[in-house]
Amino acid sequence: MQTFGAFLVSFLAASGMAAALPTEGQKTASIEVAYNKNYVAHGPTALFKAKRKYGAPISDNLRAAVAAKHSLTKRQTGSANTNPSDSADDEYITSVSIGTPAQVLPLDFDTGSSDLWVFSSETPKSSASGHVTYSPSKSSTAKKLSGSTWSIEYGDKSSSSGDVYTDVVTIGGFSVKTQAVESATKVSTQFVQDTVISGLVGLGFDIGNQVSPRPQKTWFSNAASSLAEPLFTADLRHQETGSYNFGFIDTSLAKGTIGYTPADGSEGYWGFTATGYSVGGAKLNRNSITGIADTGTTLLLLPDNIVDAYYNNVESAQYDDSQEGVVFDCDEDLPSFSFGVGGQTITISGDLLNLTPIEEGSSTCFGGLQSSSDIGINIFGDVALKAALVVFDLGNERLGWAQK
Ligand SMILES: Cc1noc(C)c1CN(C)Cc1cc2n(n1)CCN(c1cc(N)ncn1)C2
């Protein structure tokens, strides 16, 4: 008959947790038990388990509460198509329903920020011209979050700000009943001119939310505890329809195995470290690259030494001051670029690294790989994400990458 200590040690060893085995005659053992801060507790379930363990009576109400949580909600998932906004795959547009009756807006899903904001009936008419807008006054489920405001500035110095409502927000068939919807009373020129999108859905970590005085949760954070699994995937494609899936992984979207690596959400982004890179199919080197997986950034932005190593293989490549980036002859055959992550190699084909002619009809093209030196952070934006199925796994605080 095992003592409880010996059972505990063998159970933890079997479950892969650290445990110090007691030496002969020693009567104690110490263990490190990891705390999963993403675990979402459910009171009635904890009570149900305790009563069941010690044979206490369980009321019908308690049974119903536990059933409601674990039977109806755990199968929930969502799946939404996403489309490139233009011929350069500058950004990706996904339809989102807000309010009752539903008001459908084209939004940009952004794993590099954490605010859901929209052009609205409160956006100056001159700025909102050409945009689909959200009108809280036309939604029976909209409620003003009184006293709350928001203001955000992005890496490209674009910005927006305003006040806050809560309303039902449905993405890919999955509804969050009380989502903070940040209504824009001010938007910068970049957004005014970009009439194909009416705002953003931030899919970064809650710590990055810009609502004051009380920061709000992202749509995904609100959804996570009711999804079958607390994760979402991004399948962005070049000039074709891709998808954002919530609560499940459709492995058929990928050719390769999904490799996982720890995600660092401390800055609000999905931070990770690639283990090396190579140009043109050569063997990966071991020069690690720490950066973020960012669906809201168009380009792959890496350190100068890597950018130079790549473009040294492109005969006509040169830095163009007016374009603020490397350009080359559009008819050049570009080499591929590969990076290692989670034990897998993700290879971005040369085609994906030719973003677009610098202007309509030009024979000079703009590179999808550019320098991150003036940003201070490396960004695996859409150019890199298009080569992979990417799993944003909040529950396990990790990122999964699989070649497409
Ligand atoms: C982008 C973009 N590229 O070509 C066009 C057109 C656009 C859209 N357009 C100019 C307007 C715009 C500006 C931004 N966005 N959309 C999306 C959010 N932004 C981010 C997100 C983030 N994670 N990191 C940095 N900025 C800045």
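In this chain, numbering begins with 1 at the start of the sequence shown. For the numbers below, each heavy atom of this structure counts, side chains included, while hydrogens, waters and symmetry mates do not. Ligands are counted one by one from 1 in listed order, and the atoms in each one are counted from 1 as well.
- Ordered by chain and residue number, the residues placing a heavy atom less than 4.0 Å from ligand 1 are Asp90, Glu91, Asp108, Asp110, Gly112, Tyr154, Gly155, Asp156, Ser158, Gln190, Phe191, Asp194, Leu200, Asp294, Gly296, Thr297, Thr298.
- Phe246 has its ring centre less than 6.0 Å from the ring centre of Trp219.
- Remark: aromatic rings of Tyr154 and Phe191 are close, center separation under 6.0 Å.
- Between Ile289 and the options Thr275, Ile306, Thr273, a side-chain contact (heavy atoms from CB on, under 4.5 Å) holds for only Ile306.
- Aromatic pair Phe339/Tyr277: centroids not less than 6.0 angstrom apart.
- A heavy-atom distance below 4.5 Å is not found between the side chains of Val168 and Val176.
- Sorted by first then second residue, the salt bridge (Lys or Arg N to Asp or Glu O under 4.0 Å) pairs that include residues 357-386, not counting sequence neighbours, are Asp89-Lys386.
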